[in-house]
Engineer: 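Can you read through this structure? Questions will come right after.
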There are 2 protein chains.
Amino acid sequence: MTKTKDQRADSARPLPLNQILGGDCIEIMNGLPAGSVDLVFADPPYNLQLKGDLHRPDNSRVDAVDDHWDRFSSFASYDAFTRDWLAAARRLLKPNGAIWVIGSYHNIFRVGAEIQNQGFWIMNDVIWRKTNPMPNFRGKRLTNAHETLIWAAKSESSKYTFNYEALKSLNEGIQMRSDWVLPICTGGERLKDAAGDKAHPTQKPESLLHRVIIGTTNPGDVVLDPFFGTGTTGAVAKMLGRDYVGIEREEAYREVAARRLARIRRLDQDAIATTRAKRAEPRIPFGQVVERGMLRPGEELFSIGSRHKAKVRADGSLIGNDIKGSIHQVGAALEGAPSCNGWTYWHFRREGKLIPLDILRQQIRAEMEGDAPRPN
Amino acid sequence: MTKTKDQRADSARPLPLNQILGGDCIEIMNGLPAGSVDLVFADPPYNLQLKGDLHRPDNSRVDAVDDHWDRFSSFASYDAFTRDWLAAARRLLKPNGAIWVIGSYHNIFRVGAEIQNQGFWIMNDVIWRKTNPMPNFRGKRLTNAHETLIWAAKSESSKYTFNYEALKSLNEGIQMRSDWVLPICTGGERLKDAAGDKAHPTQKPESLLHRVIIGTTNPGDVVLDPFFGTGTTGAVAKMLGRDYVGIEREEAYREVAARRLARIRRLDQDAIATTRAKRAEPRIPFGQVVERGMLRPGEELFSIGSRHKAKVRADGSLIGNDIKGSIHQVGAALEGAPSCNGWTYWHFRREGKLIPLDILRQQIRAEMEGDAPRPN
DNA sequence: GTTAACCATGAATCCTCAC
DNA sequence: TGTGAGGATTCATGGTTAA
């Protein structure tokens with residue numbers, strides 16, 4: 001396969017797959033080859049420490065006059081940090097790549113605005129609704145029972161990955177919504193350090209990453225996490241047959257993550273396979289139905305309830321009510337609709353029953369399976 | 001008490017209570033007395049940036065929000081607009097006042113960042129989870145099933161109003177969470193114009209305003225809405241014994257709102273009893289069992305007597321005897337039955353024993369206990 | 001009159017490939 | 001880069017009509 005110009009320019013250091021890189025994520029990302037990553041998942045820090053910023057280093061109270069400047073300074077430095085790591089991540093993405101960022105009201109608005117400013121194209125914001133959040137002990141606010149994720153493609157024109165059918169399947173046949181109800185990470189899943197305390201303050205549940213990775217990557221894709229922490233992204237990516245790249249500044253977290261990842265086993269192909277979308281099926285021209293003699297030229301087709309009729313012609317076009325064209329065009333014209341799926345709209349008659357054309361297409365596809373089996 | 005310069009300058013025009021003011025909200029707010037409002041509720045244009053038409057699978061056309069008031073030339077012009085109306089609203093707030101803003105991913109990040117920049121202090125972001133959102137018809141994204149509200153005090157030092165106990169009792173004795181499950185505004189509540197069409201494209205449900213006003217104002221408080229529309233804020237404020245100030249640019253909306261408000265009667269405090277039906281058992285998709293790691297992709301399931309077997313896949317579907325589908329579909333197919341309850345049909349093996357899936361569903365439901373009940 | 005079937009609609013950044 | 005054609009895609013609710 002031919003490398004893109006970007007990849008050639010940076011090929012001095014190829015993308016190190018399935019490793020945890022130590023150091024500042026902005027510097028490290030800038031040293032990796034551009035256009036080499038399918039998905040970025042980022043859980044950036046949001047320790048604004050605004051309270052602390054109200055005191056000077058000598059611990060004197062900042063007075064009201066300085067208040068505004070101080071706040072601005074704090075937001076400005078966080079915004080600069082956000083701008084830099086987002087730009088570095090965007091450079092790494094393939095043209096059809098995408099990013100997920102998770103945050104809370106402390107930081108997500110600033111991150112979301114910068115995502116838009118940099119030309120990412122937001123697909124959804126997603127609410128992780130926690131089944132077991134920490135209550136607000138003082139009763140001064142609402143229970144902060146959710147976090148917000150932003151899912152954005154690299155650009156408006158990106159052909160991003162979205163496994164619609166797989167997510168629908170995860171939701172028992174109903175279209176997946178933008179609010180996800182999942183428990184926080186506790187119990188055996190929560191990693192502990194040597195002292196038995198939690199190894200990381202904000203470890204995310206694997207269930208959250210499972211949904212992200214199943215929904216917006218394919219097996220073999222590269223998932224990069226610039227704030228790797230204890231490696232939840234890597235663990236789920238590895239389990240589901242994706243490659244990961246982790247970047248983490250703190251050595252203690254890297255060690256916990258490395259031990260965790262060593263224990264993970266990739267699932268076998270059967271388990272990783274997900275329900276394939278119809279649009280991924282090979283396209284069958286209607287003319288093949290006629291060529292193979294499954295329908296004869298001259299045979300009549302009917303819409304539901306026989307409201308409309310049309311005749312099959314030898315070239316695989318239809319003619320009905322003086323309208324000629326494809327099965328789709330004639331159906332759309334007769335219905336006065338902007339479009340029409342002729343495969344499901346038209347029916348042929350066998351033994352008094354009306355059978356949709358799509359049955360014939362499925363027969364042809366089944367025959368083709370034997371010739372060139374597809375994965376899944 | 002000495003008046004501030006602002007208040008002196010504006011005292012020529014006292015705050016007009018329980019009226020709808022016509023005109024540009026920024027100009028009008030700048031002409032009202034500073035520090036005179038307890039709560040601002042704002043539903044600004046979302047800047048949806050819609051392109052072409054959208055059709056449902058049945059070919060009917062979706063009535064898009066393409067009104068002139070939602071069109072902005074760029075992020076920069078939207079940001080300038082946001083900066084100006086937020087500054088004008090902030091000036092009107094009493095020192096202990098607060099603001100609510102509602103939006104979607106199209107605009108809420110930009111609004112939230114500017115709220116922080118201007119020195120408001122965010123208390124919570126609140127998710128309105130819609131029980132009946134419009135689906136994603138093309139299957140290219142997640143159902144956009146929520147909107148986001150930001151609740152912020154005028155400043156960090158504001159002693160904002162929060163009626164903790166009132167919200168707790170609205171929530172059947174459990175602390176109110178940051179995610180609110182409410183239906184969209186339809187049926188008899190949805191206002192119609194003379195032609196019988198919806199009077200406003202984005203009318204909000206009264207239930208949403210009810211919760212906001214009960215939770216963050218006291219009787220007799222002044223609630224200002226700079227994007228009044230058909231006056232939902234005013235209607236609920238009046239009903240609950242608060243004063244309102246509405247600002248609306250479009251005369252057609254003002255007329256609808258005025259008629260609506262004339263019909264509203266203030267309730268006795270005693271009459272604000274909340275009735276709600278018992279919560280239905282929440283539906284648990286089998287996919288959650290897989291995401292949460294209660295069963296691993298690849299694990300085998302068995303029917304009673306182990307007559308049939310199937311394997312769990314990563315998307316929560318099963319594969320057994322070459323049949324793929326949900327736990328219910330595969331069970332039904334293997335039994336040659338029209339339907340099958342997969343939760344009781346399938347079993348997993350633990351320590352040599354076969355355990356029905358339904359045990360896992362009960363575990364998930366138990367974890368969800370204590371969640372906010374669903375209305376209706 | 002009762003029930004079932006049918007229809008309408010909601011803040012939406014909603015297609016993809018070949019030529 | 002545009003154009004044209006193939007053909008894939010929906011959930012909850014409330015109101016209206018048919019049986």
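Proteins get letters first, then strands, A, B, ... in listed order; numbering begins at 1 in each. Computed from a predicted model, the values in this text were never measured in an experiment.
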Engineer: How far does the C1' atom of C:dG1 sit from the matching atom of D:dT17, given to the nearest Å?
Structural biologist: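 It comes out at 15 Å once rounded to the nearest Å.
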
Engineer: Checking side-chain polar atoms at under 3.5 Å, does A:Ser326 have a donor or acceptor matched by the opposite partner on A:His328?
Structural biologist: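 Per modelled atom types, A:Ser326 and A:His328 side chains form no pair under 3.5 Å.
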
Engineer: Regarding D:dG7, can its base be found pairing with the side chain of A:Arg361 as donor and acceptor, where the two atoms are less than 3.5 Å apart?
Structural biologist: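 Such a pair does not exist between side chain and base.
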
Engineer: Over all strands shown, is B:Asp66 touching base, sugar-phosphate only, or nothing at heavy-atom distances under 4.0 angstrom?
Structural biologist: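 No contact.
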
Engineer: Do the side-chain N and O atoms of A:Asp179 and A:His146 include a donor-acceptor pair separated by under 3.5 angstrom?
Structural biologist: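 Their side chains do not contain a donor-acceptor pair, so the 3.5 Å distance test is not met.
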
Engineer: In whole Å, I'd like the distance from the CZ atom of B:Arg190 to the P atom of C:dG10.
Structural biologist: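 One finds 6 Å between P of C:dG10 and CZ of B:Arg190, rounded.
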
Engineer: For C:dC14 and D:dA12, measure between their P atoms and round to the nearest Å.
Structural biologist: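 Nearest-Å result for C:dC14 against D:dA12 at atom P: 23 Å.
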
Engineer: In whole angstrom, what separates B:Met134's CE from D:dA12's C1'?
Structural biologist: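 Rounded to whole Å, this separation is 13 Å.
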
Engineer: Got a donor-acceptor pair under 3.5 Å from the side chain of B:Arg141 to the base of C:dT13?
Structural biologist: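 Check passes, donor-acceptor contact within cut-off.
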
Engineer: Heavy atoms under 4.0 Å, any strand shown: does A:Glu156 hit a base, just sugar-phosphate, or nothing?
Structural biologist: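 Touches nothing.
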
Engineer: I need the CG-P distance between B:Leu149 and C:dA11, as an integer number of Å.
Structural biologist: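 B:Leu149 atom CG is separated from C:dA11 atom P by 14 Å.
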
Engineer: With no hydrogens and no angle check, just 3.5 Å: does a side-chain donor-acceptor pair link A:Trp151 and A:Thr216?
Structural biologist: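 No, A:Thr216 and A:Trp151 have no side-chain donor paired with an acceptor closer than 3.5 Å.
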
Engineer: With both distances under 3.5 angstrom, what nucleotide forms a Watson-Crick or G-U wobble pair with D:dA8?
Structural biologist: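 Across any shown strand, D:dA8 pairs with none.
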
Engineer: Which part of the nucleic acid, if any, lies within reach of A:Phe286 when heavy atoms closer than 4.0 Å are counted: base, sugar-phosphate only, or nothing?
Structural biologist: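 Nothing, no heavy atom under 4.0 Å.
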
Engineer: Is it true that A:Glu367 and A:Gln363 share a donor-acceptor pair across their side chains at a distance under 3.5 Å?
Structural biologist: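 No.
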
Engineer: Need the pair for C:dA5. Rule: Watson-Crick or G-U wobble, both distances under 3.5 Å, any strand; none if unpaired.
Structural biologist: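 The base-pairing partner of C:dA5, which may sit in any strand shown, is D:dT16.
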
Engineer: Could you tell me the Watson-Crick or G-U partner of C:dA12, where both distances fall under 3.5 Å? Say none if there is no partner.
Structural biologist: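 In the structure as shown, C:dA12 has no Watson-Crick or wobble partner.
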
Engineer: Identify whether any heavy atom of A:Ile327 sits under 4.0 Å from a base atom; if not, whether one sits that close to sugar-phosphate; answer base, sugar-phosphate or nothing.
Structural biologist: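 Counting heavy atoms under 4.0 Å across all strands, no contact is made by A:Ile327.
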
Engineer: Any idea which of D:dA5, C:dC14, C:dG10 is nearest the A:Gln329 side chain?
Structural biologist: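 When the side chain of A:Gln329 is considered, D:dA5 is the closest of D:dA5, C:dC14, C:dG10.
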
Engineer: What is the distance from CG of B:Asn136 to C1' of C:dC14, rounded to the nearest Å?
Structural biologist: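 Rounding to the nearest Å, CG of B:Asn136 and C1' of C:dC14 are 5 Å apart.
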
Engineer: Of all the choices, D:dC11, D:dG7, C:dA11, which nucleotide is nearest to the side chain of B:Glu147 once you look at every atom?
Structural biologist: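 Of the options given, the side chain of B:Glu147 lies nearest C:dA11.
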
Engineer: Could you check how far CH2 of A:Trp121 sits from C1' of C:dA12, rounded to whole Å?
Structural biologist: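 Whole-Å distance recorded here is 11 Å.
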
Engineer: Of the nucleotides C:dA12, D:dA8, C:dG10, which has the atom closest to the A:Asn341 side chain?
Structural biologist: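 Of the candidates, D:dA8 comes closest.
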
Engineer: State, yes or no, whether a side-chain contact exists between A:Val289 and A:Phe348 at a heavy-atom distance under 4.5 Å.
Structural biologist: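 They are not in side-chain contact.
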
Engineer: Determine the interatomic distance between C1' on D:dT10 and the same-named atom on C:dG10; round to the nearest Å.
Structural biologist: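 Roughly 12 Å separates the two C1' atoms.
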
Engineer: Is the aromatic ring centre of B:Phe137 closer than 5.5 Å to the centre of the six-membered base ring of C:dC14, with the two planes inclined by less than 30°?
Structural biologist: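 B:Phe137 vs C:dC14: stacking no.
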
Engineer: Quick check with a 6.0 Å cut-off and a 45 degree axis cone: is B:Arg211 positioned over the face of B:Trp180's six-membered ring?
Structural biologist: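 Pair B:Arg211/B:Trp180 counts as cation-pi.
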
Engineer: Given the C1' atoms of C:dT13 and D:dG6, what is the spacing between them in whole Å?
Structural biologist: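 My reading of the C1' atoms in C:dT13 and D:dG6 gives 25 Å.
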
Engineer: Please give, in whole Å, the distance from D:dG14 C1' to B:Lys192 NZ?
Structural biologist: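 Those two atoms, NZ and C1', are 10 Å apart.
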
Engineer: Do the side chain of A:Ser339 and the base of D:dA8 come within less than 3.5 angstrom through a donor-acceptor pair of N or O atoms?
Structural biologist: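 Side chain to base: pair present.
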
Engineer: Quick one: which of C:dG10, D:dA8, D:dG6 gets closest to the side chain of A:Ser326?
Structural biologist: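 The nucleotide sitting nearest to the side chain is D:dG6.
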
